[in-house]
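First comes the structure, then the notes that go with it.
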Amino acid sequence: CVDIRTVAFSPQGDRMAAAGRNGKIRVWIVSDGSGQRDIDTAGRRIRALAFSPDGSRLAAAGNNPTIDIFDAATGEPVMTLAARPAKVYSLVFLDSQHLATGGTDNCVTIWDLDSKDAVSHLVGHGGTVAALACDATGRTLVSGSYDTTLRVWNVAEPQEPATARRGAPGDAR
């Protein structure tokens, strides 16, 4: 990997993936540090990786016009989602059938992997959504943006998100 931009551990902790500028994803076996495989993504910069909750799939996105999902065991492509018009900077599986992505369109997109469609757009950030995380249930999603805010979303019951902003020096944290 060259100019690494993202790393991800499988939920079981047995594999780690990293990717960056050269568009290759390298997967390692954690126990001995050996390289398991390289996955080629057409040479475009990868900015985000995520394993599915069961570890069977690996999602990758970045400067590509797509989000690519691979079989984590074989590296073979499983599906492609059309990500344009935004570059994707962050992604996380909510559960085995839903993927959340964030990027340069300043919103969070929820994808249904059965239909391969964007089923929801969570709007509220004023800058690129560069970080995403969800709780173990996949119902609470947190997004972080270049606009210096964190937003907490209840994806089970969409509503106005809670927002946390960077405080002034000396503010209680």
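- Under the 4.5 Å side-chain heavy-atom criterion for ILVMFWY residues, a single connected hydrophobic cluster contains both Phe70 and Ile46.
- In this structure the side chain of Leu122 reaches within 4.5 angstrom of the side chain of Val155, judged on heavy atoms.
- Side-chain N/O atoms of Trp111 and Thr101 include a donor and acceptor closer than 3.5 Å.
- Not one N or O on the side chain of Asp117 forms a donor-acceptor pair closer than 3.5 Å with the backbone of Val119.
- A donor-acceptor distance shorter than 3.5 angstrom exists from the side chain of Ser10 to the backbone of Gly13, with no hydrogens or angles considered.
- A side-chain donor-acceptor contact under 3.5 Å links Asn106 to the backbone of Thr128.
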Please evaluate residues Leu58 and Ile25 with respect to the criterion side-chain contact (heavy atoms from CB on, under 4.5 Å), reporting the C-alpha separation (whole Å), side-chain torsions for both, the decisive distance (0.1 Å), and the verdict.
CA-CA 10 Å; Leu58 178 63; Ile25 302 167; 3.9 Å; yes
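- A continuous path of hydrophobic side-chain contacts links Leu81 to Val88 [ILVMFWY only; heavy atoms under 4.5 Å].
- Remark: of the listed residues Val108, Leu141, Val142, Leu141 is the sole one forming a side chain to side chain contact (heavy atoms under 4.5 Å, CB included) with Val92.
- At least one donor-acceptor pair closer than 3.5 Å links the side chain of Arg57 to the backbone N or O of Ser96.
- Side chain of Thr66 to main chain of Asp68: no donor-acceptor pair is present (N/O by atom type, distance under 3.5 Å, no hydrogens or angles).
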Audit row: Arg45, Asp3, side-chain contact (heavy atoms from CB on, under 4.5 Å) steps and yes/no
CA-CA 9 Å; Arg45 181 175 291 169; Asp3 186 24; 4.1 Å; yes
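- Using a 4.0 Å cut-off between a side-chain N of Lys or Arg and a carboxylate O of Asp or Glu, Asp38 and Lys24 do not qualify as a salt bridge.
- Looking only at side-chain heavy atoms (C-beta outward), Asp14 and Phe9 stay at 4.5 Å or farther from each other.
- Using a 4.5 Å heavy-atom cutoff, the side chains of Arg15 and Phe51 are in contact.
- Side-chain contact between Val129 and Tyr89: absent, with no pair of heavy atoms (C-beta onward) separated by less than 4.5 Å.
- Arg151 has its side chain out of reach of Ser145: every pair of non-hydrogen atoms, C-beta onward, lies at least 4.5 Å apart.
- Screening Ile110, Leu99, Leu132 against Leu94 for a side chain to side chain contact (heavy atoms under 4.5 Å, CB included) leaves a single residue, Ile110.
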Does the pair Asn154 and Arg139 meet the rule for a side-chain hydrogen bond (donor to acceptor under 3.5 Å, both in side chains), with working shown?
CA-CA 6 Å; Asn154 178 345; Arg139 298 175 56 123; 4.8 Å; no
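- With sequence neighbours excluded, the residues forming a side chain to side chain donor-acceptor pair (under 3.5 Å) with Thr137 are Asp135, listed by chain and number.
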